[in-house]
> 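The structure that follows is given in the form of structure tokens.
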Amino acid sequence: MTAPHPVSRLTEALSELAGAEVTLERPSDPEHGDYATNVALRLAATRGRPPRELAAEIAAEAVERGLVESAEAAGPGFVNLHVPDAWLAEGVREIVEAGDAFGSGSAETRERVQVEMVSANPTGPITVAHARNGAYGDSVARLLGFAGHEVEREYYYNDGGTQMERFHASVEALRRGEEPPEDGYHGAYVAELATLPGDPVPAMLEQMQATLERFRIHFDGWTLESEIEAEIPEAIALLDTFEEEAAVWARTSAHGDDKDRVLVRSDGEPTYFAKDAAYVRRKYARGFDRLIYVLGADHHGYVARLQALAEMLGHPRETLEVLIYQLVHLVEGGAAKKVSKRRGDVVFLDELLDTVGVDAARWFLVSRGHDQAIELDVDLAKERTQKNPVYYVQYAHARIAGILRNAGDDDVVAQSHEVGVATSLEREERELVKRLLEFPHVVVEATERRAPHALPTYAIRVADDFHRFYHHHRVLESEQRAFRLALCAATAHVIRRSLDLVGVEAPERM
RNA sequence: GCGCCCGUAGCUCAGUGGACAGAGCGGCGGACUUCUAAUCCGCGGGUCGGAGGUUCGAAUCCUCCCGGGCGCACCA
């Protein structure tokens, strides 16, 4: 269950009062109060009453019950609510007490969730394209974990098949002093692998894993395609199948797919889809309640067939989620750059990390909506990233860390209990507190919509409000020292967590 | 042809039913005897691709059109 926090308590009290579910928003115009609700507008039709009249009633009752300091009907029928300073001060105290747990535990039922991501075949280094997959998938995994689910990160790769044969052939050709085949792999990394003895795949995998760890993605499980192959027959036995023209088909069209799919070709070879089936079966057999696949837009055609597999195996199709993100397009000098790993003209993640660092890279790749295609200008990457808003947010955290250092041994948590009801707050303080109190809602939305980019957006707002507060008011040499220290500590918690959920660090100094 | 995603400021993007549509970058002009100026303050900037529709209310939902990206295998 969602841990109660000030805004959720106020929302519930108002819902009870109105006899309908209330949602609170933060009006952009400060004249419209600290919070506002449109509940009267929504209720007007069904109750057959003018919205303004309903709004006025709700406003009066909210004040009567002591939920808010003042309230009034406004506009077409909004209820604008004003909360007292003491209410906000209490909110700060709760954030400081909750610490890094503030906003966590929103899951109504705890699930075992597997998130499969990246899953690039070991034919070359991790690229920025894979990195978007990882940055997105890992952030979703972090959000799910923060909500209270048990999350496992999974990497699946092909250790056989055509591409791997070409990869081996390319390395072997170089070892013989020949050029790699036309349809083989040509990057400089292939030549490096050729200088090492033995199978190049383990070395390649080791490098890829190191890159991913550097990118702060840790996988709990690595599954090889060859492990899955043996389980194909038992998976097929569980599916709805038929034979036609000497091939074995799955009746996926009866389960939401637009056509049936071949499992075993007429020459007796299982298809890739048969391996998918076996893999899905194994995942569920391992006890996961939910399977999440993170795939690029070029794989969106797989959604229906994967969900069909879940259904045929006896699981609700919604328990197999496919998260699709749009692709990363490389641009160089204003012109589109075609990405082909085999030609070697890609941007490797390690290069990007060497140039801009992990924080800027993760921020850049996850701060856009996953439904939005990303254009990465190779030339401008460095310059652009130095102006990356991630530093704006990190700087706010570093400033707070500086204040808390200068405060000495003060026990901020203990002091926050003494923050008086009589606290009189400045405008910048009120705005900052309200911003911090939004955090649990932002996290829930981001989690449910599988949209981690909401966190960077929110973190910028927090930093914005903090920098403004910092500029206008002193913390240490202030009569409000105790409250302001608590406010700083609360802000630090929220920034740190917002960044952590997308894999970005919050530095103590900059 | 069919399916999925996108179209918002000069550029990169937030904003998925609420009040005059926002931020960063870029441009112009201000603010450091102060807990970090990687900051703050001000100015300029828009047919929210277009047309209909639903609604008290639409950038947001529905339909069509235009433009862009990605897919439509007995490949992996």
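Since this is a predicted model, take the numbers as computed values, not measurements. Numbers restart at 1 for each chain; the letters A, B, ... are given by sequence-line order, proteins then strands.
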> Rounded to whole angstrom units, what separation is found between the CZ atom of A/R474 and the P atom of B/U36?
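After rounding, the gap between these two atoms is 8 Å.
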> Determine, answering yes or no, if A/H299 is stacked on B/G71 under the 5.5 Å centre rule and the 30° plane rule.
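No, A/H299 does not stack on the base of B/G71, since the centre distance and plane angle fail the 5.5 Å and 30° test.
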> Under 4.0 Å, heavy atoms only, any strand: does A/T457 hit a base, just the sugar-phosphate, or nothing?
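Since only primed, P, OP1 and OP2 atoms lie under 4.0 Å of A/T457, the category is sugar-phosphate.
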> When you get a sec, tell me which of B/G69, B/U36, B/C74 is the closest nucleotide to the side chain of A/Y395?
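Selected nucleotide: B/U36.
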> Return yes if some donor-acceptor pair links the side-chain N/O of A/H453 with the main-chain N/O of A/Y136 below 3.5 Å, else return no.
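No, A/H453 side chain to A/Y136 backbone: no donor-acceptor pair under 3.5 Å.
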> Do any side-chain nitrogens or oxygens of A/N80 fall under 4.0 Å of OP1 or OP2 in B/A19?
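No.
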> Suppose you measure atom C1' in B/U60 against the same atom in B/G49; what distance do you get, rounded to whole Å?
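The answer is 16 Å between these two C1' atoms.
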> So what's B/U12 paired with, Watson-Crick or G-U wobble, going by both distances under 3.5 Å?
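Because both required distances fall under 3.5 Å, B/U12 counts as paired with B/A23.
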> From B/C6, B/A19, B/A76, pick the nucleotide closest to the side chain of A/D371?
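The nucleotide sitting nearest to the side chain is B/C6.
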> Any donor-acceptor pair under 3.5 Å between the side chain of A/N38 and the base of B/G18?
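Indeed there is one.
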> From the options B/A76, B/C35, B/C74, select the nucleotide whose nearest atom is closest to the side chain of A/V262.
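Taking heavy atoms from C-beta onward, the closest nucleotide is B/C74.
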> Can you check the distance between B/A38 and B/G24, where both ends of the measurement are the C1' atom (answer in whole Å)?
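Those two atoms are separated by 14 Å.
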> Using Watson-Crick or G-U wobble geometry with both distances below 3.5 Å, tell me the partner of B/C70, or none.
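B/G3 - that is the nucleotide pairing with B/C70, both distances being under 3.5 Å.
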> Can you tell whether the side chains of A/D258 and A/R261 come within less than 4.0 Å, N to carboxylate O?
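Yes.
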> Using 0.5 Å steps for rounding, measure from the CH2 atom of A/W249 to the CG atom of A/D240.
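Taking CH2 in A/W249 and CG in A/D240, the distance rounds to 14.0 Å.
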> When you measure from the side chain of A/R509, which nucleotide among B/G18, B/U36, B/C40 comes out closest?
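Of all the options, the side chain of A/R509 is nearest to B/U36.
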> Please report the distance, rounded to the nearest Å, between CG in A/D267 and P in B/A73.
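Going from CG in A/D267 over to P in B/A73 covers 18 Å.
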> Answer yes or no: is there an ion pair linking A/R435 with A/D465, defined by an N-O contact shorter than 4.0 Å?
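A salt bridge is present here (some side-chain N lies under 4.0 Å from a carboxylate O).
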